[in-house]
Amino acid sequence: MPRPRIGFVLSGGGSRGAYEAGIIHYLRTDLARRMGRHVPIDIITGTSVGAINAAFLAATMDDPASQAEQICAAWRSLRIEELISLRPMDVLRAGRMMFGGDPPPPAPGSFRYGGLLDTSGLERFVIRAIPWRGIEASLRARQLFAISVSATHVGTGHTVVFLSSSSPVPSEWSRDPFVRHRAARIGPRHVLASAAIPMLFPAVKIGDEFFTDGGLRQNTPMSPAIRLGADRLLLISLRHVAPEPQVIQRERVEAYPKPLFLAGKALNALLLDHTEYDLARMERINQILDAGVASYGPAFAATMNDALGGMRAAPMRKIDSVHIRPSEDIGMLAAEFVAKGRMKVSGVVARKLISRLADGEAAHESDLLSYLLFDGDYASDLIALGRRDAAAKEDQLATLFDVHDTAG
C-alpha cells in the first residue's frame with residue numbers, strides 16, 4: 001500500500017509568519033538528523049502569510065537540504081521601510097482614506113486597489129524571493145502532490161481555494177456554500193491576494209475579480225489539506241492561547257478606548273483562528289471511526305461513507321495530526337522588541353509611526369504592530385521561538401513523519 005500522505009497547514013498573521021519559518025528550519029535540520037532522512041511533505045496549504053511560506057516551500061522541494069536556510073535568510077533580510085512605504089505622503093494618504101477619502105485609482109495595468117498602506121515593496125520582495133517555476137516543477141516531478149492557497153473574493157465575501165495538483169483537481173469540494181475551489185497555476189497574484197491583510201493592504205486582481213486575505217474565513221486551512229488527500233496533518237497556528245495574568249487583563253481594559261488597540265483586536269477577530277474547533281471536530285470523527293471499527297469491524301468506514309452517499313463532499317477517514325502554536329504571546333514580543341529600541345528604521349516619520357503603533361496599544365502587547373513588524377531581527381526572534389516550540393514536540397513529529405511505502 002502507498003504510505004500515508006502528509007499535509008502541512010500554514011496559518012495567516014502578517015509578519016508573524018517568521019514563526020513558521022522557524023518550524024520549517026527545525027523539520028529540515030534537527031528532525032531530519034534524528035530520522036536520518038528528510039521528512040516528506042506531500043500537500044501544502046496556506047492562508048495569508050502562510051500562503052507565502054507555502055509557495056516558497058513548494059517551489060524549493062527539489063532541495064530540502066537548503067530549503068530551511070533559504071527561507072530563514074529571506075525572513076532575516078527584511079526591513080519594514082523596504083516593504084511598506086512609510087513616507088509622509090503615504091501617511092497622509094492613509095489618513096485621508098481613514099476619514100472616508102477614496103483611494104487613488106489604480107495605475108494602468110496595475111493589479112492592486114485600495115488599502116491604507118502602499119505594499120508595493122512587499123510585493124516585489126515576494127515576486128523576487130520565490131522561484132515560481134519551481135512549484136510546477138515540484139508537482140511534475142512528484143516531489144509535491146498538491147498546494148493550495150485560500151483568498152477571499154471581494155465581491156461576494158466567499159472563500160476561494162486556488163489549488164495546483166499533480167493529479168486531476170477534485171470536482172467535488174466543500175458543501176459550504178461560501179467556499180469554492182479553482183484549479184490554478186499558483187503564482188504571485190494568488191499568494192499576494194491571500195496575504196492582503198484586510199483594510200491595510202490593497203486587494204489583488206486575478207482575472208477580472210479582486211481578492212483579499214483568505215484568513216477572513218479560513219485562517220488555518222485544514223479542510224483543503226484533507227480534501228486534497230492528506231492522511232496526517234502538521235498544523236501551524238500563529239496565535240498564543242493561555243490564561244493571561246491579571247495585570248495584562250487590567251491593561252487591556254485601560255487601553256480599550258485607544259483606536260490602535262481596538263484595531264489590533266479587530267484584526268485578531270477578523271483573522272480568528274478556528275484551529276481548536278476544527279481539531280476537536282476532527283478528533284470526534286476519529287473517535288467515531290475507532291468505535292465503529294471496534295464494534296463492527298474494519299469495513300465500518302466504507303459502510304458509513306456508502307450510507308452517507310452525497311451528504312459529504314469528501315469521505316470520512318481517520319486523520320492523525322500534530323498542532324504547534326506559539327508558546328509565547330507574539331503581540332507581547334512585538335511590544336518588547338520596539339520598547340527595547342531594537343527596531344531599525346530610517347526616516348523621522350517612519351520611526352514616529354512605528355513608535356506610535358507600539359505606544360497606542362496596551363503596555364505589554366502590540367497586536368497590530370505584530371502583524372506589520374517586517375523586521376529581520378524581529379523575524380529572528382520568531383524563528384528561534386518556532387524552533388523551540390517544534391523541539392518541544394519532537395517525539396510527536398517523529399511519529400507523524402514515520403511513514404514508508406509498504407507492498408500491497
Side-chain angles (χ1 to χ4, degrees), residues 6-46 48-78 125-126 128-135 137-139 141 143-145 147 149 186 191 195 225 232-238 322-328 330 374-403:
I6 306 293
F8 196 10
V9 181
L10 298 164
S11 300
S15 59
R16 299 176 180 213
Y19 177 83
E20 296 173 341
I23 293 170
I24 293 166
H25 191 275
Y26 190 86
L27 296 179
R28 291 308 193 200
T29 54
D30 297 64
L31 189 63
R33 282 193 292 271
R34 167 172 171 165
M35 302 193 73
R37 57 181 172 82
H38 281 292
V39 298
I41 298 174
D42 304 301
I43 296 164
I44 308 172
T45 62
S48 193
V49 73
I52 296 175
N53 287 332
F56 186 91
L57 272 179
T60 57
M61 291 298 287
D62 65 327
D63 189 10
S66 68
Q67 203 173 46
E69 294 302 333
Q70 289 183 59
I71 195 168
C72 290
W75 275 100
R76 289 177 176 133
S77 72
L78 299 182
F125 172 80
V126 169
R128 184 179 66 249
I130 297 174
W132 292 97
R133 293 181 180 178
I135 296 177
S138 296
L139 293 169
Q143 296 161 337
L144 180 70
F145 179 74
I147 175 177
V149 300
I186 301 297
V191 170
R232 301 183 183 185
L233 295 178
L234 172 56
L235 303 102
I236 312 300
S237 297
L238 298 177
V322 173
H323 179 207
I324 303 177
R325 72 181 324 149
S327 57
E328 300 180 37
I330 292 182
F374 291 99
D375 178 274
D377 290 340
Y378 177 65
S380 291
D381 292 349
L382 297 189
I383 288 169
L385 177 62
R387 282 186 46 80
R388 290 196 299 273
D389 291 346
K393 295 203 172 186
E394 183 176 288
D395 290 342
Q396 295 178 51
L397 290 171
T399 300
L400 183 81
F401 286 106
D402 184 17
V403 295

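Taken from NE2 in His323 to CD in Gln396, the straight-line distance is 11.5 Å, to the nearest 0.5 Å. Going from atom CZ of Arg325 over to atom CG of Leu235 covers 10.5 Å, rounded to the nearest 0.5 Å. Distance check: Asp42 CG to Met61 CE gives 7.5 Å after rounding to the nearest 0.5 Å. Between atom CG of residue Asp375 and atom CZ of residue Arg76 there is a gap of 12.5 Å, rounded to the nearest 0.5 Å. Atom CZ in Phe8 sits 6.0 Å away from atom CG in Leu57 (nearest 0.5 Å). A distance of 13.5 Å separates CE of Met35 from CG of Asp30, quoted to the nearest 0.5 Å.
Taking each heavy atom of Asp402 and Arg37 in turn, the nearest pair found is CA-NH2, 4.0 Å. Across all non-hydrogen atoms, the minimal contact from Ser237 to Ser11 is CA-OG, 3.7 Å. The two residues Ile41 and Arg28 have their closest heavy-atom pair at CD1-NH2, 3.8 Å. Considering every non-hydrogen atom in both Ile23 and Gly386, the closest pair reads CG1-O, 3.5 Å. Here the shortest heavy-atom pairing between Leu382 and Ala18 reads CB-CB, 3.9 Å. Of all the heavy atoms in Ile6 and Pro40, the pair that sits closest is CB-O, 3.6 Å.
Side chain of Ser138 to main chain of Leu144: no donor-acceptor pair is present (N/O by atom type, distance under 3.5 Å, no hydrogens or angles). Judged by distance alone, with hydrogens and angles left aside, the side-chain atoms of Asp389 form a donor-acceptor pair with the main-chain N or O of Ser327 at under 3.5 Å. Checked by atom type and distance alone, the side chain of Asn53 never pairs as donor or acceptor with a backbone atom of Leu10 at under 3.5 Å.
Residues Val322 and Phe401 form no side-chain contact, since every pair of their non-hydrogen atoms from C-beta on lies 4.5 Å or further apart. For the pair Val191/Phe56, no side-chain contact is recorded, criterion being any heavy-atom separation below 4.5 Å from C-beta on. Residues Tyr378 and Leu78 have side chains not in contact (no heavy-atom distance under 4.5 Å, counting atoms from C-beta outward). Looking only at side-chain heavy atoms (C-beta outward), Ile130 and Ile52 come within less than 4.5 Å of each other.
Checking Gln67 against His25 by side-chain atom types alone, no donor-acceptor pair falls below 3.5 Å.
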Inset, instruction - Test side chain to side chain contact (heavy atoms under 4.5 Å, CB included) on Val39 and Leu397 and set out the steps. - result: CA-CA 10 Å; Val39 298; Leu397 290 171; over 6 Å; no
Legend entry - Working for side chain to side chain contact (heavy atoms under 4.5 Å, CB included), residues Asp62 and Gln143: CA-CA 7 Å; Asp62 65 327; Gln143 296 161 337; 3.7 Å; yes
Legend entry - Glu20 vs Ile71, side chain to side chain contact (heavy atoms under 4.5 Å, CB included): CA-CA, chis, key distance, verdict: CA-CA 10 Å; Glu20 296 173 341; Ile71 195 168; over 6 Å; no
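With respect to the salt-bridge test (charged N to carboxylate O, under 4.0 angstrom), the residues Arg34 and Asp395 qualify.
Val9 pairs with exactly one of Ile44, Leu233, Ile43 by the side-chain contact (heavy atoms from CB on, under 4.5 Å) rule, that one being Leu233.
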